Amino acid sequence: MNSTTAHTVKSFDDDLRLLRSMIGEMGGLARSQVNEAITALLSHDVELAKRVVEADKRIDELEMEAESFAISIIARRSPLAQDLREVIAALKIGAVIERIGDYGKNIAKRVEALSSSGYRGASAGVEQIGSMASTLVDDAMRSFAERDPFLARAVSDGDEAIDDYYESLFQTLLGEIAEDPENTAPATHLIFIIKNLERIGDHATNIAEMVHYSATGEHLEDRPKGGDATGLSLPL
Amino acid sequence: MNSTTAHTVKSFDDDLRLLRSMIGEMGGLARSQVNEAITALLSHDVELAKRVVEADKRIDELEMEAESFAISIIARRSPLAQDLREVIAALKIGAVIERIGDYGKNIAKRVEALSSSGYRGASAGVEQIGSMASTLVDDAMRSFAERDPFLARAVSDGDEAIDDYYESLFQTLLGEIAEDPENTAPATHLIFIIKNLERIGDHATNIAEMVHYSATGEHLEDRPKGGDATGLSLPL
Amino acid sequence: MATQVTEAAAEEAHVREQTLVHDEIAFANDAKMTARDVDVFYGEKKAVDSVSIDVDSHYVTAFIGPSGCGKSTFLRCFNRMNDTIDIARVQGRIELDGEDIYDPRMDVVQLRARVGMVFQKPNPFPKSIYENIAYGPRIHGLASNKADMDGIVEASLTRAGLWNEVKDRLDDSGTALSGGQQQRLCIARAIAVDPEVILMDEPCSALDPIATAKIEELIEELKGRFAIVIVTHNMQQAARISQRTAFFHLGNLVEYGDTETIFTNPRADRTRDYITGRFG
Amino acid sequence: MATQVTEAAAEEAHVREQTLVHDEIAFANDAKMTARDVDVFYGEKKAVDSVSIDVDSHYVTAFIGPSGCGKSTFLRCFNRMNDTIDIARVQGRIELDGEDIYDPRMDVVQLRARVGMVFQKPNPFPKSIYENIAYGPRIHGLASNKADMDGIVEASLTRAGLWNEVKDRLDDSGTALSGGQQQRLCIARAIAVDPEVILMDEPCSALDPIATAKIEELIEELKGRFAIVIVTHNMQQAARISQRTAFFHLGNLVEYGDTETIFTNPRADRTRDYITGRFG
Amino acid sequence: MTSADVARTGTVDWRSAQMQARIRKRYAKERRFRFLGLGALVFAAGFLLFLLTTIVSDGIGGFQRAEVPLDIEYSATTLGLDPAQMSGDGADYAINRADFRSLVNAAAEAQLGTSEMISEGAWLDVRDRLRGDPSLLGSRERVWVVAAPEVDLLAKGQISFDVPAQRRAVSQEMINQYVVLNDRGDVQLSLNTGFLTKADSTSSELAGIWGALLGSLLTMAITLALSFPIGVMTAVYLEEYAPRNRFTDMIEVSINNLAAVPSIIFGLLGLSVFLNTFGMPRSAPVVGGVTLALMTLPVIVIASRVSLQSVPPSIRDAALGIGASRLQVILHHILPVALPGILTGTIIGLSRALGETAPLLLIGMRAFVSDVPGGVTDPATALPVQIFLWSDEVGRGFVEKTSAAIMVLLAVLLSMNGVAIYLRNKFERRW
Amino acid sequence: MSLGALALVLLGLTAITFAMTRMRANAFASGARPRDVHSRPAYHAVRAGLLALVPALFLLLVWLVIGDGIVADRTLDQLPQAAQPEAGIERQAFLTEMRSVARGDLPAAFNPAVNEAVPIYRETQASWTWLIGGLVVLLALIGGGYGWLKTAPDLRARTHVERFATIILALASLIAILTTFGIVLSLLYESLDFFSRVNPLEFIFGTHWSPQTAIRADQVGSSGAFGAVPLFWGTIFIGAIIAMAVAVPLGLMSAIFLTQYARPTARKILKPLLEILAGVPTVVYGYFAALTVAPAVRDAAIAIGIDSASSESALAAGVVMGIMIIPFVSSMADDALSSVPGAMRDGSLAMGATPSETIKKVLVPAALPGIVGGILLAVSRAIGETMIVVMAAGQAARLTINPLDSVTTVTAQIVQLLTGDQEFDSAKTLSAFALGLVLFVVTLLLNIYALAIVKRYREAYE
Ligand SMILES: Nc1ncnc2c1ncn2[C@@H]1O[C@H](COP(=O)(O)OP(=O)(O)OP(=O)(O)O)[C@@H](O)[C@H]1O
Ligand SMILES: Nc1ncnc2c1ncn2[C@@H]1O[C@H](COP(=O)(O)OP(=O)(O)OP(=O)(O)O)[C@@H](O)[C@H]1O
Ligand SMILES: [Mg+2]
Ligand SMILES: [Mg+2]
Ligand SMILES: O=P([O-])([O-])[O-]
């Protein structure tokens, strides 16, 4: 349902394009935040981690800008139908990306504690889940950029893999704590980190879902719920 | 800045009122979800926990309804200024409340694992942080219902207390894991639970912030960032 | 010349291709008025092309569409006001409560009492406010005495939300009111003969936002009691006050359905383009 | 009677109390036109009350406000079109590039060439399209020969986005165009004399949404080249096309500032009430 | 009933017998009313038709005249003409002094037995023939000369034989002679050229309207020359310039009232101001023209103002808005658009003036003028006055002359109105 | 130098000034930015041309009016004392004769003194003409030169030209006022003269009208001779009663049918037909009334047994006048009905009213002020109508309500009194002016009232 017709008032198109590009930029930033946070974590690069923390401000700023701009578009243009859905989706996607950025920052903030702890377990698993999350964000943003409801649906499906992977990593880390109580603090940090990455996956799914709504006007049937991965399946 | 003037088109007021009441209802539901989840947790009431999990669906439904309704208001009424801010705020607050509900559900989902584990530590602390979070949600919803920017500011400030309390509880629980590796799994659950409650506090703050924006048109100066409490101050 | 004709034909074929997007509501079971395959010609020119629609008693139905798409023309078929235009010719079937209104046995005078109309520019009669309202009931013999008539006048004005503003000056001329009040007076006048359907042709386009808001508020209140059909240029207005929206284009009914759906998620491309301001 | 007067006085006092809410932009440094303490009277009646405003070259400035609040009256001060109304009297100072336009030495004819105007209803001359455009340049002697004039006509029509639609029928009458085209023709005509400021008094209120969108698009394109001041009833329109908005009420300038601020977060209560549709 | 919630929806039973009867009555009234309207129009149109047919049937004969043949010998001696004089400047003078009357009367008496059968002015035609062709002098030819009015009546069958002989306009003797002549084929009806080329005369068969027509045309020329420019300028001033003040109010009131002041008052004005005070010549087209100009002025002013007003103000605004000066606005935009209307009004005003009689009577344009006027200060009469004068004549022959003159007047007026209607239809503009 | 030649010279000078100024203005206008040049070259040219033309033309016109008098005076001054005519009529006759001879209209004058004066006259005239001609040319040169010299970029030539045009237009509009004043003054002047001879009360309230008897000097103002009441009655009877009884219903119904029922094609035919009825001159109606209608009325009256019927009857005149007024009433009603907005009609039809209900209850009431105003104007017209009554109503000043009687009207009497030989000094002649005054005042009041109604009505729909 890609609409190729332009608005009679071209500046309306310009506005929408600008809004999309703001969101797109945010998405790109958030994704690289996540990547760099993981890199910093794996390479124990405290400096890089600090930069990631610093860079999050930019995303926050962008989000506020995008939000104001979306509100301004609504106020100025009274968009309807597809246009309205698109603006609302942008508004909500912006908030979600900001959250992804925050997760990235949160991961980066834990880097110093982890690197100073000397604990080096589960790094392959973290790298793996990190790249899964990053890819998911990437796909979600691509579906947004291309207004592609099919890709969006694929993203939504892709989230399950990350959830499963999180479960197994979580088990592993719990095991490590049980193995050596010294590991408790760093492993707990790592648990939070992988939880964050799992949440990033959920949020990417949210984005995809909004893209689907914006493009088709219909909600995806099984709406995956954010913050809902409890890891309940773990035997206790 | 409470506006008492009614719209000339009364049904516009009716629409806004309905939207507010939908959000209000969601808020009430979410708060009782949190309360009941904590109760279930403390009293090891698996049945209650199940009901909480079940009841979350209602919040999700309500959120979708509220969102559609907000979009419909924008489409049908082209709200401006305060009205627009209010609708947008409602849209975003709805999403946040849904998130709070999810956290409540998440807590409830952990009840079964915890109660079957037999671990009974830190319950006083959990009760305390639970009631703090619940109060914060309550205050946030009150500030929303009364369009009260001052109360909203107070909520924003109250969040700090919960963050501090979370830190100390987190330390305590880490200590318990270190003490007895058997505690690892349940304590980790408890860590997630208090983390969730801390996040609920953050989200209440978010709501307050949106209320402030909606009522005054200005963002609160220091915007607290969700998902940003890393517990970094903890010594490792 | 020949190419032009061909092009026009091609264009028309294209238009026909895009069939009507209809909710099931287009053909409601308890419709107050139904139109089936209505064509309207002005001389040789077809202004409305095979439109079928059902108007429900309980809703406000809005007709939107670009200028000249035939909204007014089609609306005026519902009370046969097109009869007053010499060159206008209506084909197809329009029913009011199942009766064909273009049947020769249908009495136009009664039809128009049952299907009232409010026009673009407020057109109160240059008589007193009281006489403006009393006119319809009087010609139709609806009041048997002065007290009856007073009652009708008061009730109609009250329903039109004008009673409090004018009750102390019922003898003033209707034309001495402000534009918005005049339009409400016209609505009250239409109500006074106890119609079943009220047709409104851009009733707010001559009014400022304040007066417009008041009329919209009034329509909101009348909804349910009368079947209301309103033509409007203002999409926001259609979105605000109607429950059903019909989108016309080049004399065709392109889409008819639930207002919210039309404005948030229209099905036809032409509707979407029009609603979102993509006019080519 | 006495009470009425007192009430009126109290009302007025109340109105005055609410002082103007102004951004600093109300008094820009590089303003193209400035108005200071402008009062306009129709006979004894004050229609505009002590309005000060700066119009910037680079922006579209919108005047909004309820009907009769004096928007048009104030707008018409900027090119002294109020001179044509016998009973209108203007006090205060209005400057164009620092020159007082109400100075007796200021020549009205030249002023009006520099400050063009577009009216509510499209008003092309009943002449050919070409002559419509050429008229202004001709009386002001802007073209020295036919080729020059052709150039001006083409350039103006092109800028008004009309050239492609009319280039093959420049000899047709301007009144034979559609309403929206006519209005663009009028804008082209105003552009043709190379004005510095263009005043528009509800230029779209007689047009349908499609034509309106085209005019808005045109205004968007002209912005920056000319200082544009536009009066509009349609708040959405003001929000869409302007960068500065002034809200008038009962002859007062209530608020003047950045359009986005006005429409998302107005400062004055009266502005907010008007914008959000709370008309009492 | 004090509240709105008295639900009345659907309470009216349109099908009830009472309602149906009511409807039928209403439709019957409708038909009666419509019929009355049509009747009024038919009556008005019928009257017009009746008037026109009466006039035409009465007047058509005015364009014909009866002629009888006479053999005329242009004898130089009888006429006292010297063939040598018949060329050069002296010819006219000589011919004018020649006694054609006796020549023709003698011929009539000789050939018809009496000169009663030919018109008193029959000799004029004979003289004109010779003047046209001097070489005829000395020759002999058969000339159809104008017959006497009685013969005219008889030839046109306007003498009814039903009435008793003593009440007939023609003596029995005359009738007998006419029958003889007619049986010989010596009476013919031919086109009355004199009617369109000559001035008034006391004998109906010789009277023409050219003098009156020319008088009317001269009068109208003066009227047009004065009233058109002044009227248009006044209208432009009032519509485009005049500030609202006492002075303009006075002008306006004056004009509106002048437009409805009875025309005879203008006659009084002309009489007392132009004739008695300024001492202008009586019976002259110039006075008639000035008087009628004053009468026409308000018509033109009002028509012009209406026409100017119908130029939408938006055009003014448009022109002013791009910096046209007031004069430019008027000359470039307003007058061109208003001109058809102004011209229509002017023509209608003029045609009214052309048909006007009363004021001309008062300023003496009712005099008997048997010469075609040569200029605007020469005594003249006007077409409608001529009609009035002829209608008063007792001579039976003047009845058809009057009607014929009316036909000419109506023809002129109709063509003027035709032009006005054409102009109006052609340039009528819907804004 | 003849006047024509002088006028030509003047026009030539104007044209030259125009052309030269235009060139001068073109020179500075072509280089400059339009904003630096106040007026377009054409305006400069027109301004200078007017400066050349107007003062000179004014002098010329003044000379045209008073010149002949001056020349005559100078001529007479040069004559020997004895040859000079005495003032007054004699002088007038002398001058007339002198001028005729000088023009060549007369070969020679009867008065030998005139013959003497002619060459002097010619000479004086020639020298004065040359003098004035020179002055005119000089004025034109000075004015044109001044205009040319003053031409500069910042000269507000446009403003000047505009102001000149305004003055000319204002002057033109003065004519209307002058006419009104002329009418009022002349009527008043003559009427005052009349009322100094006849008691105004007698005139207004007297019931006996017999102006002929008043010719004899000893009977001036004698009782009853100038009682105008029968005339007033006759006027009202014919114009306001009989004529209106015919014109109002027929005119109104015609207008209603035309505007509301007739199809466009029918309207296109019927409306001009009515206009023709309006365009027929009154003298034709008069003729028709006198020749056809009056005898018919009389015959009809006799047929139904009224033997007293005269061949000149109020009825005949009134009916024909009524028919004449139909188009007037109809077009006023048509205007009034058409200016009721179409929306009003739609509004009523949409209520379920039949067309005739709409007409009777909405349109006509809405248009009523306009219609009433129109009828009043029609009355004013009818009572001022002259020819029909002159030709068909008769001359008998009689107070009667029998429409078959002959009556006379104010206008008929005015014509009667003022045609034929008149003695301007007689009460009989002057009484016509008194009648005119009454007629004027009455129609004036009617008009003012009617126009006020119509105007207020029109404003209601604007
Ligand atoms: N009386 C008429 N005679 C001839 N054609 C007409 C007449 N009225 C309308 N039309 C034509 O019929 C078509 C439909 O007109 P209609 O007035 O129904 O359009 P509309 O949708 O109401 O437009 P608008 O929004 O401008 O009122 C147009 O092309 C118009 O030109
Ligand atoms: N020509 C006039 N003569 C007298 N009063 C006038 C005139 N024009 C406007 N007014 C009055 O001046 C006030 C301001 O009028 P103005 O036309 O400026 O209002 P506006 O804001 O443009 O309203 P709208 O939105 O209806 O065009 C109104 O009260 C109006 O009645
Ligand atoms: Mg329409
Ligand atoms: Mg305005
Ligand atoms: O982003 P959340 O932490 O609210 O799930």
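Only a predicted model underlies this, so the values are computations on that prediction, with no experimental measurement involved. Below, chain A is the first sequence line, B the second, and so on; all start at residue 1.
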- Query: Just wondering, more than 12 heavy atoms not from B:Phe69 lying within 6.0 Å of its CZ?
  - Reply: yes
- Query: Around B:Glu61, counting heavy atoms of other residues, nucleotides and ligands shown, do more than 12 lie under 6.0 Å from its CD?
  - Reply: yes
- Message: With a 4.5 Å cut-off on side-chain heavy atoms, are B:Gln82 and D:Asp273 touching?
- Response: no
- Item | side chain to side chain contact (heavy atoms under 4.5 Å, CB included) between B:Glu218 and D:Asn265, worked out | CA-CA 8 Å; B:Glu218 267 144 46; D:Asn265 195 14; 4.0 Å; yes
- Message: Return the OH to CG distance between D:Tyr274 and B:Leu80, rounded to the nearest 0.5 Å.
- Response: 11.0 Å
- Taking all heavy atoms of D:Gln236 and all of B:Ser78, pick out the closest pair and write down the distance. NE2-CB, 3.4 Å
- Note on the structure: Looking only at heavy atoms, the pair that brings D:Thr276 and B:Phe12 closest together is O-CE1, 4.0 Å
- If you count heavy-atom pairs under 4.5 Å with chain B, which of D:Ile275, D:Ile262, D:Thr271 comes out on top? D:Ile275
- Item | Salt-bridge criterion met for D:Arg272 and B:Asp83 (N-O under 4.0 Å) | no
Give every donor-acceptor pair under 3.5 Å between a side-chain atom in residues 220-230 of chain D and any protein atom, sequence neighbours left out.
{"from": "D:Glu220", "atom 1": "OE1", "to": "A:Ser11", "atom 2": "OG", "distance (Å)": "3.2"}
{"from": "D:Glu220", "atom 1": "OE2", "to": "D:Lys223", "atom 2": "NZ", "distance (Å)": "3.2"}

